[in-house]
Each structure stands twice: as structure tokens, then as C-alpha cells.
Amino acid sequence: MNQKRLSRLQELLQEMTDTGYVAGINCLVWQGGKKQCYYQSGMRDLASQLPLTRDTIFRLYSMTKPITAAAIMLLLEEGRIDLYDAVSDYLPGFLDQEVMTAQGPVPVKRPVIIQDLLNMTSGLTYPGESCTSEIRTDMLMDEVITKLSSPRAMTTCEIMNRLGKLPLAFHPGEKWHYGMSADVLGAIIEVVSGMRLGDFLRLRIFAPLKMNDTGFFVPPEKQSRLSKAYQDIGKGLEEFHFPHLGISNDMKTPPAFESGGAGLVSTIDDYARFAQMLLCQGSLGNTSILSPRTVSFMTQAHLAPALDSYVWQWESLSGCSYANLMRIMRDPGAAISISRPGEFGWDGWMGTYMTIDPADDMFLLIMYQKTDTGTTAYTRRIRNIVFSALD
């Protein structure tokens with residue numbers, strides 16, 4: 001890669017912190033089997049003036065999803081699940097579901113299956129106000145948050161069985177809509193494996209890959225490395241302290257609800273080991289996590305092209321299809337930043353971002369902590385620098 005072009009990343013990260021867009025940020029580019037660059041800027045804690053460092057711990061939010069997808073692929077290649085299995089085979093709360101229509105609730109045309117969860121075609125939503133499903137999901141997650149720090153804290157399977165009883169936004173398989181599907185997959189992993197989601201991920205992915213700072217909470221001896229979370233509601237950066245999507249912001253104790261869609265924390269180097277494993281077709285060094293054929297299947301676009309129009313309603317996903325909890329670039333000509341066919345990855349609500357480009361043997365990671373970010377204009381500027389630096 002062209003190092004002179006890559007060096008522009010440092011100037012851009014500095015701009016992001018100097019202007020107060022973020023408190024602190026780091027960025028890692030890996031290509032051709034080695035690190036091409038690592039840059040960082042700013043603070044992990046503005047009030048205490050603690051600098052952001054390479055071992056800073058970040059809340060991943062939706063960058064948890066590709067890890068959950070990899071865990072499902074483990075069960076798939078071992079023959080323990082089938083993608084056409086009805087979710088109700090594992091979670092009885094999904095029996096006899098209904099879809100809310102203008103005329104009222106009607107029975108689903110067919111049950112939600114595991115592939116619907118992986119492709120976000122399940123009819124499940126996130127909390128919101130635009131339809132009955134979003135409103136009822138919001139009420140459920142409010143209950144989860146209310147009980148979060150009490151002896152009555154709700155578990156992963158308990159919440160997902162409750163979720164299954166809520167009306168769906170549409171018939172399974174008919175549309176694409178981003179929602180709590182990955183959290184349901186987390187509960188399925190628990191049922192199939194007979195262990196908690198965090199234990200399964202640690203045993204099968206984190207320990208073998210030496211992702212020692214990745215998990216569903218941050219123990220006391222590592223709390224000083226956890227970045228503060230920030231928000232900007234028009235008055236500049238302010239610390240953000242509140243639970244979101246049933247996840248405690250301080251991450252101090254093991255949660256009853258281990259969210260397969262948003263609950264993990266990690267460092268940029270830990271996540272790089274996961275990304276490198278996917279880039280290397282399922283292995284990292286002598287450690288094999290998934291077979292090459294499984295990774296190939298996991299990173300192919302599975303949506304029918306007609307459903308891509310729903311994906312494209314998100315400006316940041318123009319040109320992309322979707323499968324296995326990740327965006328997959330189908331049409332770089334329709335994208336709004338420099339892209340490659342087959343490029344895949346995802347991002348997180350607080351600014352974490354991953355893209356993997358098999359054609360160029362490259363991945364890019366970005367980590368910061370600011371609410372309601374993910375893929376932004378700055379993310380695209382970083383991408384354009386990185387992709388233009390490929391010789």
C-alpha cells in the first residue's frame with residue numbers, strides 16, 4: 001500500500017478530535033498479511049484527560065453481530081442446526097406468530113426460520129415508534145432496562161421468548177428490516193450449545209483467537225481502559241451514561257442478558273484477530289475456527305436482488321446486499337465511497353466499524369465511542385483514503 005497516502009489518516013483522525021466530533025479514535029489497516037498502519041488521536045476520557053491508546057476497550061454494539069454470525073456458522077458446519085429450522089423449534093415463544101396489518105393481526109404465512117434471522121428478513125424490529133412491532137419491542141426493552149440491575153434481571157432466552165410473542169412488522173422473508181434478529185440467534189446458540197452465549201463465544205472463538213479483552217463485561221482490573229461514551233445533542237460532546245438496547249453503559253458486571261446483537265466490548269487488536277481469521281478463510285496461524293467453505297458461504301450475498309432495495313434505503317448501504325448479519329458489496333458503482341465487489345463487514349451504534357476486502361487481502365477497523373454514529377461522512381473519508389492507497 002502507498003504509505004504516503006495512508007499517512008493522511010493521521011491528519012483526518014486529528015481533525016475529528018480537534019473539532020470535537022469525537023473524543024478519541026483509532027484506526028488499523030491490515031493488508032498483504034501484515035499491518036500497514038495504525039493511527040490514533042484524542043482521549044478515551046476527556047474529563048480525566050486520559051489518552052486513547054491501542055489497548056483501549058470499546059463497546060462494539062452492532063459489531064457484535066458478525067461474531068454472533070460466526071458462532072452460528074460453527075453450529076451449522078457441525079450439523080447441529082439447519083438454516084430452514086423454525087425458530088420456534090428452539091424458542092417456544094415464536095410459536096403461532098402474527099403479523100400486524102392495517103386490518104389487524106393475521107397469522108404468519110410461514111414461521112420465522114434461522115435464515116430469516118441471519119438475513120434480517122424475520123419481521124422483527126428494533127424499538128421505535130413507526131409501527132406496532134417497534135412500539136411493543138420498545139416496551140419490552142424498557143422492561144429489560146428497568147430490571148437490569150435487580151435480582152429480577154431478564155435473561156437472554158427469557159427476553160427472546162417474550163419478543164417472539166410480539167406482532168411482526170411483516171411476513172417472514174418478504175422484506176428486509178434491521179432489528180433484533182441477532183439477539184434471537186444468541187438465544188438459539190444458548191439452547192443448542194447448552195451454555196450461556198458468552199461462555200460459548202469464549203470457548204469457541206475468543207480463547208482460540210487470543211481475544212483476551214473481548215466479552216460481555218469489563219472486569220475491575222480492566223475498567224480503566226474502557227473508553228467513556230459520548231453523545232452530542234447540539235451542545236458539544238457530553239458523557240453518555242444510560243443503558244441502551246438492554247445493555248449497561250458501565251459494563252461493570254456480567255449481565256443476565258448477553259446480547260448477540262450489541263453486547264460485546266473489545267479492543268482494536270482483539271477485533272483485528274477476528275477480522276484476520278475471516279480474511280484468511282477461517283484460520284489464524286495454526287488456529288482453525290471455521291472451514292474455508294463455511295467462510296465463503298458466510299460472506300456471500302444471500303438476499304434475493306429484489307430485497308436489496310430495502311437495504312439501499314439506508315444511504316450508507318447503497319450498493320450493498322446483506323447476509324449473515326453483515327453488509328456485502330454487490331454493486332460498487334452504486335456506492336458512495338470507493339468500494340470493491342465482495343467487500344463485507346458491519347459497524348456499531350457508537351462508531352465502531354469493520355470492512356474486509358478479500359480481493360485486496362485487506363481489512364480496515366475504526367474504533368470510537370459516540371452515540372448514533374456507525375457509518376458517517378468521516379467513515380467514508382477514511383475508507384476513501386484507505387482504498388485509494390492500494391497500489
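No path of Ile, Leu, Val, Met, Phe, Trp and Tyr side chains, each step under 4.5 Å between heavy atoms, connects Ile113 with Met160, placing them in separate hydrophobic clusters. Following chains of ILVMFWY side-chain contacts shorter than 4.5 Å, one cannot reach Leu364 starting from Ile268, and the two form parts of different hydrophobic clusters. Residues Val108 and Leu95 do not share a hydrophobic cluster, clusters being chains of Ile/Leu/Val/Met/Phe/Trp/Tyr side chains in contact below 4.5 Å. Clustering ILVMFWY residues whenever any of their side-chain heavy atoms sit less than 4.5 angstrom apart, transitively, puts Trp176 in a cluster other than the one holding Met100. Note on Leu365: it does not cluster hydrophobically with Leu9, by side-chain heavy-atom contacts below 4.5 Å among ILVMFWY residues.
Lys222 NZ: more than 12 foreign heavy atoms inside a 6.0 Å radius. Within 6.0 Å of the CZ atom in Arg293, the count of heavy atoms belonging to other residues, nucleotides or ligands does not exceed 12. Within 6.0 Å of the CE atom in Met139, the count of heavy atoms belonging to other residues, nucleotides or ligands does not exceed 12. More than 12 heavy-atom neighbours from other residues, nucleotides or ligands sit within 6.0 angstrom of NZ on Lys370. Residue Glu315 places its CD atom among 12 or fewer non-hydrogen atoms of other residues, nucleotides or ligands, all under 6.0 Å distant. Heavy atoms from other residues, nucleotides or ligands lying under 6.0 Å from CD of Glu78 number more than 12.
At least one side-chain heavy atom of Phe200 sits less than 4.5 Å from a side-chain heavy atom of Leu75. No side-chain heavy atom of Leu278 sits less than 4.5 Å from a side-chain heavy atom of Phe363. When side chains are defined from C-beta on, Leu13 does not count as touching Gln40, because their heavy atoms never get closer than 4.5 Å. The closest side-chain heavy-atom distance from Val386 to Met362 is below 4.5 Å. A heavy-atom distance below 4.5 Å is found between the side chains of His244 and Tyr61. Contact of the Val184 side chain with the Phe94 side chain is registered, since non-hydrogen atoms from C-beta on lie closer than 4.5 Å. Looking at Met154 and Leu140, their side chains come closer than 4.5 Å, going by heavy atoms from C-beta outward. In this structure the side chain of Ile72 never reaches within 4.5 angstrom of the side chain of Asn324, judged on heavy atoms.
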Go through Lys210 and Leu284 one step at a time and tell me if the side-chain contact (heavy atoms from CB on, under 4.5 Å) criterion holds.
-> CA-CA 10 Å; Lys210 296 182 172 57; Leu284 181 61; over 6 Å; no
Please lay out, stage by stage, how Asp250 and His241 fare under the test side-chain contact (heavy atoms from CB on, under 4.5 Å).
-> CA-CA 7 Å; Asp250 62 24; His241 299 288; over 6 Å; no
Given the rule in the side chain to side chain donor-acceptor pair (under 3.5 Å) test, do Thr267 and Asp213 qualify, once you have shown the distances and angles that lead to the verdict?
-> CA-CA 7 Å; Thr267 63; Asp213 289 325; 4.5 Å; no
Trace of the side-chain contact (heavy atoms from CB on, under 4.5 Å) decision for Ile205 with Arg202 | CA-CA 6 Å; Ile205 297 176; Arg202 183 168 55 253; over 6 Å; no
Under the side-chain contact (heavy atoms from CB on, under 4.5 Å) rule, what do Glu15 and Arg381 come out as? Steps first, then yes or no, please.
-> CA-CA 12 Å; Glu15 176 186 323; Arg381 289 170 67 181; 3.3 Å; yes
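The distance from atom CG of Asp82 to atom CG of Leu76, rounded to the nearest 0.5 Å, is 7.5 Å. Distance check, rounded to the nearest 0.5 Å: CZ of Phe344 to OG1 of Thr299 gives 5.0 Å. Atoms NZ and CG, from Lys228 and Asp45 in turn, are 5.0 Å apart once rounded to the nearest 0.5 Å. Rounding to the nearest 0.5 Å gives a distance of 15.0 Å between CG of Leu203 and CZ of Arg196. Within the model, atoms CZ of Phe206 and OG of Ser266 stand 7.5 Å from one another, a figure rounded to the nearest 0.5 Å. Atom CG of Leu83 and atom CD1 of Ile81 lie 6.0 Å apart (nearest 0.5 Å).
Using a distance-only test at 3.5 Å, with no hydrogens or angles considered, no donor-acceptor pair links the side chain of Tyr271 to the main chain of Met354. At distances below 3.5 Å, not a single donor-acceptor pair connects side-chain atoms of Asp116 with backbone N or O atoms of Pro172. Remark: the backbone N or O of Phe297 is paired with a side-chain donor or acceptor of His302 at under 3.5 angstrom. No side-chain donor-acceptor contact under 3.5 Å links Gln36 to the backbone of Val29. When atom types are taken as modelled, the side chain of Gln49 and the backbone of Leu46 share a donor-acceptor pair closer than 3.5 angstrom. Between the side chain of Arg59 and the backbone N or O of Ala262 there is no donor-acceptor pair closer than 3.5 Å. Distance alone, capped at 3.5 Å, is enough to place a donor-acceptor pair between the Thr64 side chain and the Leu264 backbone. Asn119 places no side-chain N or O within 3.5 Å of a backbone atom of Thr121 that could act as its donor or acceptor partner. In terms of modelled atom types and a separation under 3.5 Å, the side chain of Ser122 and the main chain of Leu124 share a donor-acceptor contact.
If you check the side chains of Asp55 and Thr53, you find a donor sitting under 3.5 Å from an acceptor. Inspection of the Gln369 and Ser227 side chains reveals no N or O donor paired with an N or O acceptor under 3.5 Å. When only modelled atom types and interatomic distance are considered, Ser337 and Arg380 share no side-chain donor-acceptor pair under 3.5 Å.
Nearest heavy atom pair, residue Leu91 against residue Cys157, reads CD2-SG, 4.4 Å. Across Ile328 and Ala301, no two heavy atoms sit closer than the pair CD1-N, 3.6 Å. Across all non-hydrogen atoms, the minimal contact from Ala23 to Thr17 is O-CG2, 3.7 Å. Considering every non-hydrogen atom in both Gln300 and Ala323, the closest pair reads O-CB, 3.3 Å. Of all non-hydrogen atoms in Gly198 and Glu258, the two that sit nearest each other are N-OE1, 2.7 Å. Here the shortest heavy-atom pairing between Ala389 and Arg5 reads CB-CB, 3.9 Å.
For residues 342-367, every residue pair satisfying the side chain to side chain donor-acceptor pair (under 3.5 Å) rule, not counting sequence neighbours, is listed here: Tyr178-Trp346, Arg327-Tyr353, Arg327-Thr355, Arg340-Asp360, Glu343-Thr355, Glu343-Arg383, Asp347-Thr375, Trp349-Asp372, Tyr353-Arg383. Counting only residues at least two apart or in different chains, side chain to side chain donor-acceptor pair (under 3.5 Å) contacts with residues 94-108 are absent. Sorted by first and then second residue, the pairs that involve residues 131-145 and meet side chain to side chain donor-acceptor pair (under 3.5 Å), not counting sequence neighbours, are Thr125-Ser133, Ser130-Glu134, Glu143-Lys147, Glu143-Arg162.
Partners of Arg273 under the salt bridge (Lys or Arg N to Asp or Glu O under 4.0 Å) rule, at least two apart in sequence or in another chain, do not exist in this structure. Scanning for side chain to side chain donor-acceptor pair (under 3.5 Å) contacts around Ser318 gives an empty result, with sequence neighbours left out. Remark: Lys109 pairs with Glu174 by the side chain to side chain donor-acceptor pair (under 3.5 Å) rule, at least two apart or across chains.
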